[in-house]
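In what follows, a single structure is set out as structure tokens and then discussed.
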Amino acid sequence: MILEEEGVFGDVTSDEWPFYLLPLDDDIISMELPEFYRDYFLEGEQRWIGTVARSLNLLNTIFGPMSKVYGIGRCAKMTYEMWKELLEDEEVVQKERKPDLGLVFMIDRDVDYITPMCSQVVYEGLVDDIFRIKCGSVEFGPEVTSSDRSVKILLNSQDKVFGEIRNEHFSNVFSFLSQKARNLQSQYDKRRGMDIKQMKTFVSQELKGLKQEHRMLSLHIGACESIMKKKTKQDFQELLKTEHSLLEGFDIRECINLIEEHINRQVSPIESLRLLCLLSLTENGLIAKDYRSLKTQYLQSYGSEHLLTFSNLKRAGLLTEQTPTEALTAVESRVGKLVTDKAVGKLTDAFSSLAKKSHFRGISKKLGLIPRVDGDYDLKTPRDMAYVFSGAYIPLSCKIMEHVLVRKSWAGLEEVMRLLNNIEFSGKYLFCAVKFHVCKSFLIYFTFSFIYRTAHGEEFFSGLI
């Protein structure tokens, strides 16, 4: 239209570049669609389904054929069906070869809302939480670079320092960086006593790499210091304690008091929303009295413009209000007149749990999402994926995949799927005539990113506020 308005449409040749996939690292491919979540899960817009299906088809052409597809959710189901149609329309018989990708997992974001509401305590997660990782890159400000300018760098496996600490629990990162600094210094010290030929070899082959590694080490040490200043405060420790209590279902009334304090002190609007959503998701909704009270306090602290935020969160199923039966509400009201205010709160919790049992509790018990260990959780040599959250919680989506990979089917997950109230499906590759060895598994999360990258903070709520 613009070319026609300018009168040059007939003078140019135009073509379309379908920019589906963006490789962020050796093992991470993303579509970088931050608007996907709002469009589909809030507005019901399905315009991106075709784009995802064509991206899958492209991956299948390059790395396939993929022998098995497992999926959960309506969006995943629609994408799979469209992908099958694309394969049928192409009518191309693929050569039998060992695929680079053997399994595909397609999981809707709303299957596992709990995970992005929890605070990661691995290095990459904390960097994302504080500095925001966008398209595989991050910008470190003067507080990290120790200069008057900011530096933007790529965070991927080519950065040797980052590659070794990205998945480490933050408590283990400083000891590693300290050892890395000593190793680099010893490599620099090798220059002493070298003859001219050895020095020439050292300068041409090693010095450039050592300088680059030293530069990145300096930046990551600066980032760690900045993280330490923000994440070792009492507020962060209380945040983690509240999250862990909500996940385990302990001291809910005390957790609500801590959330109220967090809101009233205006610690962080995003963290307050995350706590409210985590409370709602783990308890299957808030009691009407608590919902109204917490909502009022949040609006008074952060502004009445967030009325729309609460409406969006409710529509998305992230922050909802329980609707107990009239009989239970009446009994609660009568008993409330006979006891103290503190006792009323405990009785309200009890009546609510009778009215509507939390699905998260049932799913957590069925899949063992809360690790049970004797003593402290070992963060240096973790036994499961819960170390990402300091041993408090194993991500639901990861546990489901583990179950399917072991049993090679959905068998045994029928009760979990019923509680999730979602559609699960599995299918074989259409043109696959032989049984292929599974080389790698590929996970698609229908949210902001194509590959599983847990979204936190502002990134998650940007489409809802």
Side-chain angles (χ1 to χ4, degrees), residues 27-28 36-37 40-41 52 56 66-80 83 101-118 120 122 125 167 246-249 277-278 281-282 284 316-318 357-372 382-389 391-428 438-456 460:
D27 56 354
I28 299 178
F36 188 107
Y37 180 79
Y40 180 80
F41 291 100
V52 177
L56 272 170
M66 302 172 191
S67 57
K68 192 76 173 178
V69 178
Y70 295 99
I72 313 174
R74 291 171 177 81
C75 183
K77 179 71 172 176
M78 285 190 291
T79 305
Y80 175 66
W83 179 25
L101 296 174
L103 289 181
V104 178
F105 285 89
M106 306 167 70
I107 303 178
D108 279 14
R109 175 74 274 173
D110 61 359
V111 171
D112 182 13
Y113 272 145
I114 297 287
T115 300
M117 298 303 156
C118 300
Q120 297 181 84
V122 292
N167 297 321
L246 290 173
L247 290 166
E248 295 177 8
C277 291
L278 187 60
L281 292 165
T282 52
N284 220 30
L318 287 163
K357 185 180 178 182
S358 171
H359 288 173
F360 173 73
R361 303 282 174 235
I363 294 169
S364 176
K365 186 176 180 181
K366 186 77 175 174
L367 294 178
L369 300 182
I370 309 299
R372 303 299 177 190
R383 296 178 299 174
D384 51 46
M385 294 161 281
Y387 84 96
V388 175
F389 304 115
Y393 165 71
I394 300 173
L396 170 61
S397 47
C398 298
K399 200 67 176 178
I400 289 174
M401 283 194 297
E402 180 185 27
H403 185 102
V404 172
L405 287 170
V406 170
R407 302 198 181 193
K408 296 182 173 59
S409 71
W410 292 111
L413 287 174
E414 294 83 4
E415 179 65 16
V416 172
M417 291 301 139
R418 186 186 66 79
L419 292 172
L420 287 172
N421 193 28
N422 247 304
I423 302 169
E424 83 279 357
F425 64 90
S426 60
K428 293 183 179 179
V438 176
C439 304
K440 296 178 182 176
S441 294
F442 188 68
L443 170 66
I444 302 167
Y445 239 128
F446 291 107
T447 172
F448 312 97
S449 304
F450 196 57
I451 271 284
Y452 171 60
R453 297 166 64 215
T454 305
H456 284 78
F460 191 92

Sequence neighbours excluded, the answer for side-chain contact (heavy atoms from CB on, under 4.5 Å) partners of Val416 is Ile363, Lys366, Leu367, Leu413, Leu420
For Met106 and Tyr80 the tightest heavy-atom approach is CE-N, 3.9 Å
All heavy atoms of Asp112 vs all of Pro395, minimum pair found to be OD2-C, 4.3 Å
Value for CG (Leu278) from SG (Cys118), rounded to nearest 0.5 Å, stands at 5.0 Å
Heavy-atom distance under 4.5 Å between the side chains of Ile72 and Phe105, does that happen here?
no
Closest non-hydrogen contact found for Val104 with Met66 is CG2-SD, 3.0 Å
Residues at least two apart in sequence or cross-chain that pass ring pair (Phe, Tyr, Trp, His ring centres under 6.0 Å) with Tyr393, listed by chain then number, are Phe389
Original post:
Would you call Phe36 and Val52 a side-chain contact if the rule is heavy atoms closer than 4.5 Å?
Top reply: yes
Taking every heavy atom of Ile107 against every heavy atom of Ser397, the minimum-distance pair comes out as CD1-CB, 4.1 Å
Rounding to 0.5 Å, atoms NE2 (His359) and OG1 (Thr282) come to a distance of 13.5 Å
query: Are the side chain of Asp108 and the backbone N or O of Arg74 linked by a donor-acceptor pair below 3.5 Å?
result: yes
The side chain to side chain donor-acceptor pair (under 3.5 Å) partners of Asn167 (sequence neighbours excluded) come to none
Query - Tyr70 and Ile400: CA distance, side-chain angles, deciding distance, side-chain contact (heavy atoms from CB on, under 4.5 Å) verdict - result: CA-CA 11 Å; Tyr70 295 99; Ile400 289 174; over 6 Å; no
Sub-4.5 Å side-chain heavy-atom contact between Leu103 and Val404 = no
Glu248 meets the salt bridge (charged side-chain N to carboxylate O under 4.0 Å, His left out) criterion, sequence neighbours left out, with none
Applying side chain to side chain donor-acceptor pair (under 3.5 Å) to Arg383 and not counting sequence neighbours gives none
dist Leu369:CG -> Arg361:CZ (nearest 0.5 Å) comes out at 11.0 Å
Between Gly368 and Ile394, the two heavy atoms sitting closest are O-CD1, 3.8 Å
Item to complete: List the steps and the verdict of side-chain contact (heavy atoms from CB on, under 4.5 Å) for Leu281 and Phe360.
Response: CA-CA 7 Å; Leu281 292 165; Phe360 173 73; over 6 Å; no
Correct closest heavy-atom pair for Leu396 and Val111 would be CD2-O, 3.4 Å
Residues pairing under salt bridge (Lys or Arg N to Asp or Glu O under 4.0 Å) where one sits in residues 394-405, two or more places apart or in two chains, turn out to be Lys399-Glu402
